[in-house]
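Basis for what follows: all heavy atoms, side chains included, without hydrogens, waters or symmetry-related copies. Counting starts at 1 for both ligands and their atoms, following the listed order.
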Amino acid sequence: MPDAPLRYKKILLKVSGEVLMGDQGFGIDTATLERTAEDIAEVVKTGVELCLVIGGGNIFRGISLAGRGMERASADYMGMLATVMNALALQGALEKIGVYTRVQSAIPMEAVCEPYIRRRALRHLEKGRVVIFAAGIGNPFFTTDTTGALRAAEMGCDALFKGTSVDGVYTADPKKDPTAERYQTLSYQEVLAKDLRVMDASAISLMRDNQIPIVVFSIRERGNFLKVLRGEGVYTTIA
Ligand code: UDP
């Protein structure tokens, strides 16, 4: 049977930092990192233009130190630096299996990676390179979910994929409530009105204003990214 057609041509994948830690409580699990890279490589091979935003929650979240008395802005800068570490780890894993990548940081770090330059990022995508956006949007008080939404809009993506450890959006936390049910589709407005916390409200409203659908799926399952891109398997679409 021929493969189902791809649903989108240009996408941004947001990966939470937590995904990279696998079953450990902190940092980067190399087996998980390699598996994630293989899933990404599989999608790149189809010719889809792909860019990535990676979170930092596996290393550091600004709000956690801010809660213990540190100035929020400084704590958030530490969080943004954590995302740069994850971006470099993912870049390494992707290049090892033959995927061309560029890391662009919203906080310039020229000895480490390129600065974020929108037009240059677009050119990389045209050439088939995976662009990894690091350091969030470069400002405190934001998250990498909002970064994912912003870059998806800037790059002209047709969808924002959110790869998490849960296979979609549920009525309640499926890890805590066995009666929780998964939504197949949701409107942006429903997500906001029901306060479903799949992404922060600023990310959802940015996607609503730009009419870019959000696809929430589990990136923990090998091969799932491509499957979902073909419209197969389990996921939730917000549109
Ligand atoms: N962060 C920030 N501005 C941004 C993006 C991220 O200040 O534009 C900081 C913030 O402290 C956040 C941390 O970086 O907690 C890590 O990002 P996030 O919590 O979004 O990572 P994830 O939950 O996706 O792993």
Side-chain angles (χ1 to χ4, degrees), residues 11-29 32-33 36-37 39-40 51-91 93 103-109 112-113 115-118 121 131-155 160-169 173 175 191 196-207 214-220 225 238:
I11 57 180
L12 186 141
L13 171 66
K14 157 72 208 290
V15 186
S16 313
E18 274 174 11
V19 165
L20 295 188
M21 70 188 180
D23 294 325
Q24 22 179 83
F26 177 82
I28 299 171
D29 172 51
T32 308
L33 179 71
T36 310
D39 268 20
I40 292 168
C51 45
L52 303 174
V53 165
I54 176 99
N58 55 322
I59 301 171
F60 193 82
R61 273 213 177 84
I63 208 150
S64 56
L65 254 198
R68 280 178 269 140
M70 188 173 184
E71 190 201 359
R72 171 74 189 263
S74 300
D76 277 344
Y77 279 114
M78 291 171 69
M80 287 182 258
L81 294 177
T83 73
V84 180
M85 288 195 240
N86 283 336
L88 294 179
L90 199 54
Q91 176 176 46
V103 174
Q104 289 202 344
S105 172
I107 298 173
M109 262 180 237
V112 174
C113 58
Y116 173 62
I117 298 171
R118 180 179 157 270
V131 184
I132 309 173
F133 297 115
I137 65 166
N139 293 99
F141 301 99
F142 285 90
T143 65
T144 51
D145 276 352
T146 302
T147 308
L150 176 63
R151 298 288 185 249
E154 286 181 284
M155 293 299 117
L160 166 59
F161 275 58
K162 169 143 171 147
T164 66
S165 49
V166 188
D167 60 5
V169 185
D173 184 349
K175 287 177 186 150
V191 176
L196 288 171
R197 291 175 194 273
V198 42
M199 293 186 111
D200 36 66
S202 50
I204 303 281
S205 45
L206 199 57
M207 293 298 83
I214 305 168
V215 179
V216 184
F217 73 105
S218 167
I219 198 157
R220 291 195 126 195
F225 184 22
I238 305 164

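- Polar contact check, Ile63 against ligand 1: no nitrogen or oxygen pair lies under 3.5 Å apart.
- For a threshold of 3.5 Å applied to N or O pairs, the pair formed by Asp76 and ligand 1 contains at least one separation below that value.
- Among all protein heavy atoms, the one lying closest to atom 3 (N) of ligand 1 is Asn139 O, 2.7 Å.
- For atom 21 (O) of ligand 1, the closest non-hydrogen atom of the protein is Gly56 N, 3.0 Å.
- In this structure, Phe225 and Phe217 have parallel ring planes: the angle between them is below the 30° cut-off, well short of the 60° mark.
- In this structure Asp200 satisfies the side-chain hydrogen bond (donor to acceptor under 3.5 Å, both in side chains) test together with Thr143, Thr146, Ser202, sequence neighbours excluded.
- Shown in contact with Gly55 at under 4.0 Å from a heavy atom are these atoms of ligand 1, numbered in order with element: 21 (O), 22 (P), 24 (O), 25 (O).
- Using modelled atom types, one side-chain atom of Asp76 and one backbone atom of Phe141 make a donor-acceptor pair closer than 3.5 Å.
- Side chains of Asn86 and Val15 form no contact here, defined as non-hydrogen atoms less than 4.5 Å apart.
- Thr83 places no side-chain N or O within 3.5 Å of a backbone atom of Ala134 that could act as its donor or acceptor partner.
- For Phe60, the CZ atom counts as densely surrounded, since its 6.0 Å shell holds more than 12 non-hydrogen atoms of other residues, nucleotides or ligands.
- Of the candidates Thr144, Ile54, Leu81, it is Thr144 that places a heavy atom closest to atom 17 (O) of ligand 1.
- More than 12 heavy atoms of other residues, nucleotides or ligands lie within 6.0 Å of CG in Asp173, so this atom counts as buried by the packing criterion.
- Summary of contacts: the protein heavy atom closest to atom 23 (O) of ligand 1 is Arg61 NH2, 2.6 Å.
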Audit row: Met199, Met207, side-chain contact (heavy atoms from CB on, under 4.5 Å) steps and yes/no: CA-CA 11 Å; Met199 293 186 111; Met207 293 298 83; 5.8 Å; no
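- Of all the atoms in ligand 1, the ones that sit under 4.0 Å from a non-hydrogen atom of Pro140 are 7 (O).
- Taking atom 2 (C) of ligand 1 as the reference point, the nearest protein heavy-atom neighbour is Phe142 O, 3.1 Å.
- Atom numbering of ligand 1 starts at 1 in the shown order; those under 4.0 Å from a heavy atom of Gly136 are 4 (C), 5 (C), 8 (O).
- In this structure a side-chain-to-backbone donor-acceptor pair under 3.5 Å is present from Arg118 to Glu154.
- Counting heavy-atom neighbours within 6.0 Å of Arg197 CZ, excluding the residue itself, gives a total of 12 or less.
- The shortest N or O to N or O distance between Lys14 and ligand 1 is below 3.5 Å.
- Some N or O of Gly17 is nearer than 3.5 Å to an N or O of ligand 1, by distance alone.
- Of all protein heavy atoms, the one closest to atom 8 (O) of ligand 1 is Ile137 N, 2.8 Å.
- With a 4.5 Å cut-off on side-chain heavy atoms, Ile204 and Ile214 count as touching.
- Within the 4.0 Å heavy-atom cutoff, Ala82 does not count among the residues contacting ligand 1.
- Remark: ligand 1 atoms within the under-4.0 Å shell around heavy atoms of Ser16 are 24 (O), 25 (O).
- Contact atoms of ligand 1 toward Gly57: 21 (O), 22 (P), 25 (O) (distance under 4.0 Å to a heavy atom of the residue).
- Under 4.0 Å from ligand 1, the heavy atoms of Phe60 that appear belong solely to its backbone.
- The closest protein non-hydrogen atom to atom 15 (O) of ligand 1 is Gly62 N, 3.3 Å.
- Taking atom 14 (O) of ligand 1 as the reference point, the nearest protein heavy-atom neighbour is Gly79 C, 3.1 Å.
- Taking the side-chain hydrogen bond (donor to acceptor under 3.5 Å, both in side chains) definition, one finds that Arg220 meets it with nothing, sequence neighbours left out.
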